[in-house]
Protein chains: 2
Amino acid sequence: MPTDATHDPSLTSWVTPANDPASDFPIQNLPYCRFRKPADDKARAGVRIGDEILDITAAFAIESVAAVMALPGAARVDLRRRISGLLSGKAKPAPELLTPVRDAEILLPCEIGDYTDFFASLPHAMNVGSLFRPDRPLQPNYKWVPVAYHGRASSIVLSGTPVRRPWGQIAEIREGPPVFSPSRRLDYEVELGAFLGPGNQLGEPIPVAEALDHVVGVCLLNDWSARDIQTWEYQPLGPFLAKSFATSISPWVVTIEALVPFRRAPEARPASDPQPLPYLRDANDVSFDITLEVWLRTPGLEQPAPVSRARFASLYWTLAQMVAHHTSNGCPIRPGDLIGSGTVSGPEKQNRGCLLEMTLGGAEPLVLPSGETRTFLDDGDEVILRGWCAAPGYRRIGLGECRGQIVSARPDR
Amino acid sequence: MPTDATHDPSLTSWVTPANDPASDFPIQNLPYCRFRKPADDKARAGVRIGDEILDITAAFAIESVAAVMALPGAARVDLRRRISGLLSGKAKPAPELLTPVRDAEILLPCEIGDYTDFFASLPHAMNVGSLFRPDRPLQPNYKWVPVAYHGRASSIVLSGTPVRRPWGQIAEIREGPPVFSPSRRLDYEVELGAFLGPGNQLGEPIPVAEALDHVVGVCLLNDWSARDIQTWEYQPLGPFLAKSFATSISPWVVTIEALVPFRRAPEARPASDPQPLPYLRDANDVSFDITLEVWLRTPGLEQPAPVSRARFASLYWTLAQMVAHHTSNGCPIRPGDLIGSGTVSGPEKQNRGCLLEMTLGGAEPLVLPSGETRTFLDDGDEVILRGWCAAPGYRRIGLGECRGQIVSARPDR
């Protein structure tokens, strides 16, 4: 998929705030969202441009974002061109096609059938593995298998939804006994989410060379994690209640088409690492230059403080490899399914994408500009994820924000 | 919930084949299903009676089985009484309300939002644990936590759907390297499935004493498992592609109301075992007398051969405990969500609910009446699960069958 006129950095919109270089949502971006207009029950498909949402249900008879996700890749490219044309053209459409973001009710982009969370950052796997299993931080399968687990779709919430501290079983020592208590080690994980479609039929794997055609677009994803619940429950079947109390995502589906200028070759594996098995190998595979940031706002901070920054392109596995692996056994992907990349961490401390890694399991507290310290999240803390893409010769685009504030646990009964 | 006139063993239906003592579906049962009538596009909610399906969309304006699952428990009891009245009454309704099962297209009962698989049989956990981890078969959390993992909803298929042998990464030894190959250790697992509803809001746990109100009904569930893929992939995040290629369920949702006569006290824990934590403890909790059977039909057998039989009531955790645990962190359950019990095994060899256990990981082949042997499933083998409930003074009811035949793996590409 080459760049085209929709990526031209000189292209501007008559929605002039979108042309502000600081906007995440210039006409080169055009992410999908689902929204309601004021005093209107109907959920509509929209495209964000600057601080407005274009109603593509009215403008292009697109019933829903889910319908976009069901389109083949070529039809998604065509739709992007038509939307870009409308928003950059000389003839402004009827003003009721635009709704200011601040007036709209923003919804999850679609009903999410299945949610799968990968584990694709090698530094994250090493850092966390060394805390959970100091004797063997990295499992023997890591460099062969794009490791993942099924997540919970029903607790995926939109950015801005408060996150209640969960209760759960917690054991001070590995053998137990546990107590039932609010989590004391509540954490975030910064991830890239990817919405999938149109997908495959049961029993029909998607070859790696075609897999990126089944990725519609990306968002920010916070895989909230209760580390104390996780430590006690996760053997032998993996994380369950430690993750399923909430997963927050940003509302804007930044399309694979919009990401074309930010494609790059996946980072070369060290020569000592195994080459991927043939079903995961594609000489033309690509990653994307997306920078992911974590910011933290505490009761003691007037402004959010930057906590970490990492690069999506540093992951060990690509989105195409994740999709090819996921379907390699014939498992069907349906339009609107969501995958998470796993925590995106880099090699240095400032690249660590969760507090478990950042504080070495609570051993080295994070010191904030206010002088406050954190090992894990306190009630009232707000975690803000941000993401953006930049490449020479192209307009910067952003993923917006994914916010979530911790509220105190339910009282005991 | 006491028994009522709908459980009276002398009650009969004017659908007279339902009165045959051998029928799984007498008027005391009345399981829900989703179906289409011949030459009719519309999916309808139905109730099986004998070898017929009563169209409750037409008879009672019940739009779908999902709508039944969204009802509060009291309304489900009321609906059962009205259906029982119609099918036992003197006034026969219009004949078009009944469709023979053999003429109907049977569908999955509803769209399944999330699927969760538990691990509630202690003998199963011990048997499998000793094969995967001989040094510590049972994890320290087992007698405290109703262990579970999120499963894949998109690959849940109806009884009768062929099951294609999956490809996957397989390693002969723990350290690898793996090969990509069709699974050579394909297995079934006999489980009870339970459809949930109406469920809870995000952040609002369901107390254990109310949890059974959120179980609508049960079905048979075959958690097909590729043991070789599972062994290599499952650390550290649990089973993924080893399970997500297919999960088969029977089409008849046998309601909790129908199971009332088969309630029994959960089996007492050994005095040396810990008591459940308070959020999992309910003095009035119940289990159910449901017998689950596995039958195998191979190319060499004229009739299916019985392989194993086990009792649902032998599980270490009850359905109410599973639901209370699942929501204890605030995770929402939505109408139509499905949970699996985990493989139901008992203490003896003839009670082992999967081939991994039955053959001790392939070491002791199963010998069939035809003289054929199996360590794991061959192409062409058909696994048939059956389930039924009996109690003195009540009419026996059945869950029907859950069938699946193994078809050969896709050819290499």
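The basis for the numbers below is simple: all heavy atoms, side chains too, and nothing from hydrogens, waters or symmetry mates. Chain letters run A, B, ... following the sequence lines, proteins first and then strands; every chain starts at 1.
- By the neighbour-count criterion of 12 heavy atoms within 6.0 Å, atom CD of B:E172 is sparsely surrounded, having that number or fewer from other residues, nucleotides or ligands.
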Verdict with supporting geometry, A:L277 and B:Q169, side chain to side chain contact (heavy atoms under 4.5 Å, CB included): CA-CA 9 Å; A:L277 289 172; B:Q169 289 194 27; 3.6 Å; yes
Side chain to side chain contact (heavy atoms under 4.5 Å, CB included) between B:H150 and A:D117, intermediate numbers included: CA-CA 11 Å; B:H150 306 295; A:D117 201 17; over 6 Å; no
A:H325 vs B:L241, side chain to side chain contact (heavy atoms under 4.5 Å, CB included): CA-CA, chis, key distance, verdict: CA-CA 9 Å; A:H325 181 65; B:L241 300 188; 3.3 Å; yes
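- The candidate from B:R334, B:K143, B:E204 with the greatest count of non-hydrogen atom pairs under 4.5 Å with chain A is B:R334.
- Between chain B and the options A:G113, A:G176, A:P239, heavy-atom pairs under 4.5 Å are most frequent for A:P239.
- The heavy-atom pair separating B:G203 from A:R410 by the smallest distance is O-CD, 3.1 Å.
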From CA spacing to verdict: side chain to side chain contact (heavy atoms under 4.5 Å, CB included), B:L237, A:Q139: CA-CA 11 Å; B:L237 300 183; A:Q139 303 285 351; over 6 Å; no
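- Here B:S154 is the residue among B:G199, B:C331, B:S154, B:G168 with the most heavy-atom pairs under 4.5 Å with chain A.
- With contacts defined as side-chain heavy-atom distances shorter than 4.5 Å, the pair B:V147/A:P236 qualifies.
- Heavy atoms closer than 4.5 Å to chain A are found in the side chain of B:L280, but not in its backbone.
- Counting heavy-atom pairs closer than 4.5 Å to chain B, the top residue among A:I112, A:V407, A:D114, A:D337 is A:D114.
- Not one N or O on the side chain of A:E175 forms a donor-acceptor pair closer than 3.5 Å with the backbone of B:P140.
- Within the 4.5 Å cutoff, side-chain heavy atoms of B:W144 are placed close to those of A:P178.
- Per-residue counts of heavy-atom pairs under 4.5 Å with chain A were compared for B:P166, B:G151, B:G330; the largest is that of B:G151.
- Heavy atoms of B:R133 lying under 4.5 Å from chain A belong exclusively to its side chain.
- Between the side chains of B:N329 and A:S244, at least one donor-acceptor pair of N or O atoms lies under 3.5 Å.
- Centroid-to-centroid, the aromatic rings of A:F180 and B:Y279 come within less than 6.0 Å.
- Taken from OG in A:S155 to CD1 in B:I333, the straight-line distance is 11.0 Å, to the nearest 0.5 Å.
- Contact annotation: the side chain of A:P177 never approaches that of B:P274 to less than 4.5 Å [non-hydrogen atoms, C-beta and beyond].
- Heavy-atom distances place the side chain of B:V157, and not its backbone, under 4.5 Å from chain A.
- Taking the side chain as every heavy atom from C-beta outward, B:T116 and A:F240 approach each other to under 4.5 Å.
- Contact tally against chain B (heavy-atom pairs below 4.5 Å) for A:Q235, A:R164, A:E233: the top residue is A:Q235.
- For the pair B:R152 (side chain) and A:P332 (backbone), a donor-acceptor distance under 3.5 Å is present.
- At a 4.5 Å heavy-atom cutoff, the contact between B:E111 and chain A is made by side-chain atoms alone.
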